[in-house]
There are 2 protein chains.
Amino acid sequence: MSTGDLAVDVLRRIAVEPVTRSALAKEMGLAPSTISAKITDLMAAGLVEEGGAAPSRGGRPGRLLSITYQTGRVAVISMGAKHANVALADLARTIHVNTAITIDVAQGPEATVELIAAEVRSLLTSHGGELLSVGICIPGPVDVKRRIVIAPSRMPGWHNQDVGALLEKSLGVPAITDNDANLAALGEYLCRPDAASNSITVLAGTGVGTGIIAGGELYRGSTYASGDITHTKVEAAADRMCSCGNRGCLETIASGAAIVRDLGAAGIEVKDIFEVLEMVRDGDPTANGVVREAGRQLGLALSTVVNFFNPGDVYLTGALSAASVYVAAVRSQVYERCLPLATAGLRVDATQSGNEAGLIGAAELAILHLLNQPSLPARFSEPAG
Amino acid sequence: MSTGDLAVDVLRRIAVEPVTRSALAKEMGLAPSTISAKITDLMAAGLVEEGGAAPSRGGRPGRLLSITYQTGRVAVISMGAKHANVALADLARTIHVNTAITIDVAQGPEATVELIAAEVRSLLTSHGGELLSVGICIPGPVDVKRRIVIAPSRMPGWHNQDVGALLEKSLGVPAITDNDANLAALGEYLCRPDAASNSITVLAGTGVGTGIIAGGELYRGSTYASGDITHTKVEAAADRMCSCGNRGCLETIASGAAIVRDLGAAGIEVKDIFEVLEMVRDGDPTANGVVREAGRQLGLALSTVVNFFNPGDVYLTGALSAASVYVAAVRSQVYERCLPLATAGLRVDATQSGNEAGLIGAAELAILHLLNQPSLPARFSEPAG
DNA sequence: AACCTTTAATTCGACATCGAACAAAGTATC
DNA sequence: GATACTTTGTTCGATGTCGAATTAAAGGTT
């Protein structure tokens, strides 16, 4: 993810970890003189400072550069229908605190955002740091350009709402909004040093969504609707009616909601998908079977889009990705069903981010958004409060 | 499709149609001074010359620029198993001649390429022009980087063959090779002034393949295998065995080969898909029904990838796209099956290029390849032989 | 200790692009 | 037909990037 602004890219890289000028030049493929010039500017602006010397590698040791402003924080939020994760990250996208709060989207945007903003303020008070920017993952389509939620099936009353504006009003810093699966895809891509430049990230929790990375960039489609696979037709769901009006959709058989429903039909009453996952961990055979079957059906649907999109990696995130039977079922179906050329070198892997991929992606976009604000240097050069 | 080389982009634009400097600057979003500098260089190299004056638009009239070397031709070839189209295009990608010859891929690469090269030489003799470059569409996967054909199911004996090298050896000019559906997608994208930046192009002839444009660039996937939808599972094909080893693949019901087979099973013996299309034009009810059903099944499979990829446009090319029942069937299924957000603003349209999209895409890549050769200016400034 | 090798960082000239100002060559208006 | 206006194209200074040469600061060798 290049920002187009070289100074911003350099600053971001320095924020991740102190580095020397020559390391920056090599990593970013730029001339040493170019890096030197940028560093001179950034130091003059008070954004970067020289630290100690890097260990010599047989020659003159380099001088480590680090960002001056270390207490800046971005608040990142992952919204569900009943819960939200609220976290604080630094400019290197490292998450420092991550708390879960209870919300209810049915209460509407204003009340919900206020609950979230209160938690952000509480975290800042207890953990310190100055808030610079906010990013939020929405479980529904988001028109990123106009920054509004579009027809979210699981969030009635949120259509056309500008959640970013509500957050900005309450917290007083710039905010960005995007779909949860998109941000999970971005986060997973950023987390992995060896990530393929084309990947599909599945977010499997109560619902199932996917995010797409194409050519190393987040791909959102022509109407911000990309990544839907829940309405792929699968034979095993042929007789089930879907909320979309058709029959046989994946959603009716492979989502967390469907798993809960199926267990209920089998006489096992469970509250939510987390309870199911506990049963799976405890070795309950019925729960295990239902989760495995959901994984098989997802794998079946995924094989279609893998054949079409030919990604190098498929990442599984969300609550269900914690169940190894689920991951194994998806993987075996994808490898069995896809064409040999599509599976050559294909990796199907559960998230390595402890299900923080969405938050990391949100942090990335929030930081980029912040650094693209015209008034940036002033904010940054303020001493920490 | 930007080449990264500004001079090349400017030259390409001038080749399309004489333009003035200021029009170039506006179209390409560059400063007038930048264009002036480039034009000075290109004129010094003998590649561009000033023609007459453009009509005044209320002020000083512009001076039209055109390319000096107007007789340069690229040969573009579209290969099938039994036929090939061999054509000559100019630097503006306009196709001047297009002939069909009989080949047989079973004869192997050397013999087949020699037949094609002979036709290219014959066209040059009869129509004039100097050959600058060659591009060829292959009905199978092509590793563009290593420039070899990979495991083409319809071309046994061509695995790992470098068709480009054979063409270069025979014709003595640079050659490029790519998959036919990829080039059709590129050609269709280039043909349409209002093309969406994300599109799926279906090439439906004897087989069915798709090419993908993502963010205005041709997308080829991680192993050059992108665009396969023929192994999507469709209910109507549930009992049919596919060459891939699974059952229920789209290919067994919606391809030209399947249509021919189905008509045979219904007691109507036909030679190939072109014969079927003639019957459809003549109003044969059985042929009509089979083609319509094939379109419905393709539309069903397409709806899955449209939901996933959320393109702005879907283009139908290949022999079957000439049948309006086929196009209508695809369109109705896509609109019926896809999510409202994915079909908002979605266009599903038959090719407008008279099935020359693949050739146009091949011309594009061949010209870019040519212009990126280090020895370019010398070649171009030679007077026409 | 003197010298060579290796790596780090800067200096400086070349080049591409931009934007603003300017010159050129028409049309429109009175 | 004089003047104002409009559009085209060039000139010129500023900026950003590159690459080669140079300086800086270590470690290793004899």
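Residue numbering restarts at 1 for every chain, and letters A, B, ... go by the order of the sequence lines.
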Pairs where residues 183-197 of chain B contributes a residue and the test salt bridge (Lys or Arg N to Asp or Glu O under 4.0 Å) is met, not counting sequence neighbours: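 Residue pairs with at least one partner in residues 183-197 of chain B: B:Glu188-B:Arg192, B:Arg192-B:Asp349, B:Asp194-B:Arg347.
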Heavy atoms within less than 4.0 Å of DNA chain D: which residues of residues 27-37 of chain A have one? Give them sorted by number.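 Hits under 4.0 Å, by residue number: A:Leu30, A:Ala31, A:Ser33, A:Thr34.
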Please give, in whole Å, the distance from [N] [atom2] to [X] [atom1]?
X	N	atom1	atom2	answer
B:Asp9	C:dA16	CG	P	15 Å
B:Lys38	C:dC18	NZ	C1'	13 Å
A:Lys26	C:dT6	NZ	P	13 Å
B:Glu50	D:dT8	CD	C1'	12 Å
A:Arg63	C:dT7	CZ	P	18 Å
A:Leu24	C:dT7	CG	C1'	16 Å
A:Leu6	D:dC18	CG	C1'	12 Å

Hey, can you pull the residues of residues 14-23 of chain A with a non-hydrogen atom under 4.0 angstrom from DNA chain C?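 Residues of residues 14-23 of chain A under 4.0 Å from DNA chain C: A:Thr20, A:Arg21, A:Ser22.
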Salt bridge (Lys or Arg N to Asp or Glu O under 4.0 Å) partners of [X], counting only residues at least two apart:
X	answer
A:Arg60	none
A:Arg93	A:Glu364
A:Arg220	A:Asp178

Any Lys/Arg nitrogen of A:Glu27 or A:Arg13 sitting under 4.0 Å from an Asp/Glu carboxylate oxygen of the other?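 Yes.
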Sequence-distant partners of [X], side chain to side chain contact (heavy atoms under 4.5 Å, CB included), two or more places apart:
X	value
A:Arg57	A:Lys26
A:Ser66	A:Pro18, A:Glu49, A:Gln70
B:Ser22	B:Thr20
A:Asp41	A:Lys38

C:dG26, OP1 or OP2 - any side-chain N/O from B:Arg57 closer than 4.0 Å?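 So the side-chain polar atoms of B:Arg57 never come under 4.0 Å of the phosphate oxygens OP1 or OP2 of C:dG26.
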Where along nucleotides 24-30 of chain D does protein come under 4.0 Å, by heavy atom, of base (B) or sugar-phosphate alone (S), with - for untouched nucleotides? BBBS---
With no hydrogens and no angle check, do the side chains of A:Asn198 and B:Ser222 hold a donor and an acceptor under 3.5 Å apart?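 Note: A:Asn198 and B:Ser222 side chains meet the donor-acceptor criterion.
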Can you list everything that forms a ring pair (Phe, Tyr, Trp, His ring centres under 6.0 Å) with B:Tyr219? Sequence neighbours excluded, please.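 By the ring pair (Phe, Tyr, Trp, His ring centres under 6.0 Å) rule, B:Tyr219 matches A:Phe309.
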